There are 2 protein chains.
Amino acid sequence: MSISSRFSVAIHILCLLAINEEKATNTSEYLAGSVNTNPVVIRKVMSMLKGAGLVHVRAGVAGAELAKTLAEITLLDVYKAVNVVAENDLFSSHEHPNPECIVGRNIQQSLTKQFSAAQKAMEHSLEIVTLADVVQDILADNV
Amino acid sequence: MSISSRFSVAIHILCLLAINEEKATNTSEYLAGSVNTNPVVIRKVMSMLKGAGLVHVRAGVAGAELAKTLAEITLLDVYKAVNVVAENDLFSSHEHPNPECIVGRNIQQSLTKQFSAAQKAMEHSLEIVTLADVVQDILADNV
DNA sequence: GTTACATGTAACAAAACAAATTACAGGTCG
DNA sequence: CGACCTGTAATTTGTTTTGTTACATGTAAC
């Protein structure tokens with residue numbers, strides 16, 4: 001299956017916070033309107049972004065704002081903030097292979113090694129892109 | 001969520017076919033015993049591996065064998081054979097963002113670009129490892 | 001302080017999916 | 001023919017994602 005859209009929703013929100021400068025209008029309801037989802041979904045994602053120190057939100061007060069500049073936030077930061085893939089868990093392995101078979105006994109360690117490397121390669125690709133890059137694409141508005 | 005364990009099952013099977021030289025004993029039931037799953041799961045995976053030209057299996061006749069050497073089969077070949085992640089579909093995007101918002105209107109194209117790059121990085125990591133590498137780890141049998 | 005309106009979260013429902021399993025059709029070969 | 005295998009459709013079970021309802025709590029204007 002695919003990695004949760006919570007990641008793309010989070011990126012969407014953060015870009016919107018950067019572009020829409022009137023802080024007070026960035027309510028969960030307003031953001032939900034742009035993302036096209038439920039305000040509760042937004043608040044859940046926002047809660048995770050807050051926990052990671054990427055945004056400032058206060059209970060009871062309308063609007064959120066970025067806690068860092070766009071160039072300081074990589075896609076990997078967002079990815080980790082919303083916890084869409086646990087460490088060494090991009091690939092799932094079949095459980096309890098037969099320990100009496102040499103393959104069953106040893107394959108897990110080899111798979112873990114290779115799968116971990118592949119996951120890290122993907123994550124590194126996210127690390128070299130910042131939200132500033134994404135916002136630049138958005139502002140080009142080539143539609 | 002994680003990528004289907006069908007991938008790890010496929011790798012397991014292929015390694016076993018290479019190590020267990022007595023072709024006729026490699027029935028779906030025997031393989032299921034090492035992987036610890038149902039024989040039908042094995043046959044389904046085997047069917048996909050056959051479609052990709054990685055194994056030789058014949059209906060009605062016991063046993064399967066590799067169609068190539070271990071060094072000729074990369075993990076990417078296996079990954080593609082069992083179809084665990086569709087092209088540009090490792091990450092899912094939220095659907096139908098609001099086209100009246102500049103972010104909603106443009107974010108998909110930017111996300112597609114970045115997500116595609118990350119997926120390709122992961123896949124390239126799988127491409128540089130062959131089953132020969134995995135079997136080497138298994139035969140070390142360091143338990 | 002109370003009112004209006006926001007966020008924070010728990011709890012639940014619906015839809016989508018993976019994996020195991022059952023059942024059976026069809027192939028191969030002694 | 002009969003034993004045994006592969007091929008595959010259909011079903012079930014368990015899990016996960018996403019959306020939704022409901023309500024507690026926080027804030028600030030008045």
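Just so it is clear, the structure is predicted and the values come from calculations on it, not from any experiment. Quick note on labels: first sequence line is chain A, next is B, and so on, each numbered from 1.
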Exercise for the section: Please lay out, stage by stage, how A/Asn26 and A/Asn20 fare under the test side-chain hydrogen bond (donor to acceptor under 3.5 Å, both in side chains). Expected result: CA-CA 8 Å; A/Asn26 291 325; A/Asn20 187 23; 2.8 Å; yes
Exercise for the section: Hey, which sits more toward the 5' end of DNA chain D by its nearest nucleotide, A/Arg58 or A/Ser4? Expected result: A/Ser4
Problem - B/Lys50 vs D/dT6: side-chain N/O to OP1/OP2 distance below 4.0 Å - result: no
Completion exercise
Closest of D/dT18, C/dA19, C/dA23 to the A/Ser92 side chain is C/dA19
Exercise for the section: Please state whether the phosphate of D/dT18, meaning OP1 or OP2, lies under 4.0 angstrom from any side-chain nitrogen or oxygen of A/Ser5. Expected result: yes
Completion exercise
On DNA chain C, more 5' by nearest nucleotide between B/Gly60 and B/Val84 is B/Val84
Exercise for the section: Return the value, rounded to whole Å, for the distance between atom CZ of A/Arg43 and atom P of D/dT25. Expected result: 16 Å
Problem - Between P of D/dT18 and CG of A/Asn83, the distance in whole Å - result: 13 Å
Problem - Phosphate OP1/OP2 of D/dT8: any B/Ser47 side-chain N/O under 4.0 Å - result: yes
Completion exercise
Of A/Thr37 and B/Val61, the one whose closest nucleotide on DNA chain D sits nearer the 5' end is B/Val61
Completion exercise
When rounded to whole Å, the CD to P distance for the pair A/Glu29 and D/dT21 reads 13 Å
Exercise for the section: Calculate the interatomic distance between A/His96 atom NE2 and C/dA19 atom P; express it in whole Å. Expected result: 14 Å
Problem - Residue closer to the 5' end of DNA chain C, B/Ala59 versus A/Thr27 (nearest nucleotide) - result: A/Thr27
Practice task
Round to the nearest Å and state the distance from A/Asn26 atom CG to C/dC5 atom C1'.
Solution key: 16 Å
Problem - Over 12 non-hydrogen atoms of neighbours within 6.0 angstrom of CD in A/Glu65 - result: yes
Problem - Distance-only donor-acceptor check, side chains B/Thr112 and B/Asn88, under 3.5 Å - result: no
Practice task
Grab the CG-P distance between A/Asn38 and C/dT9 for me, whole Å please.
Solution key: 17 Å
Exercise for the section: Provide, to the nearest angstrom, the distance between the CD1 atom belonging to B/Ile42 and the P atom belonging to C/dT22. Expected result: 16 Å
Handout entry: Proximal nucleotide (of D/dT20, D/dT18, D/dG7) relative to the B/Val57 side chain
Key = D/dG7
Practice task
Determine yes or no for a side-chain-to-main-chain donor-acceptor pair under 3.5 angstrom, with A/Asn36 supplying the side chain and A/Gly33 the backbone.
Solution key: no
Exercise for the section: Can you tell me the distance, in whole Å, between the CE atom of A/Met46 and the C1' atom of C/dG8? Expected result: 12 Å
Problem - Test item: side-chain donor near acceptor, A/Ser8 and B/His94, under 3.5 Å - result: yes
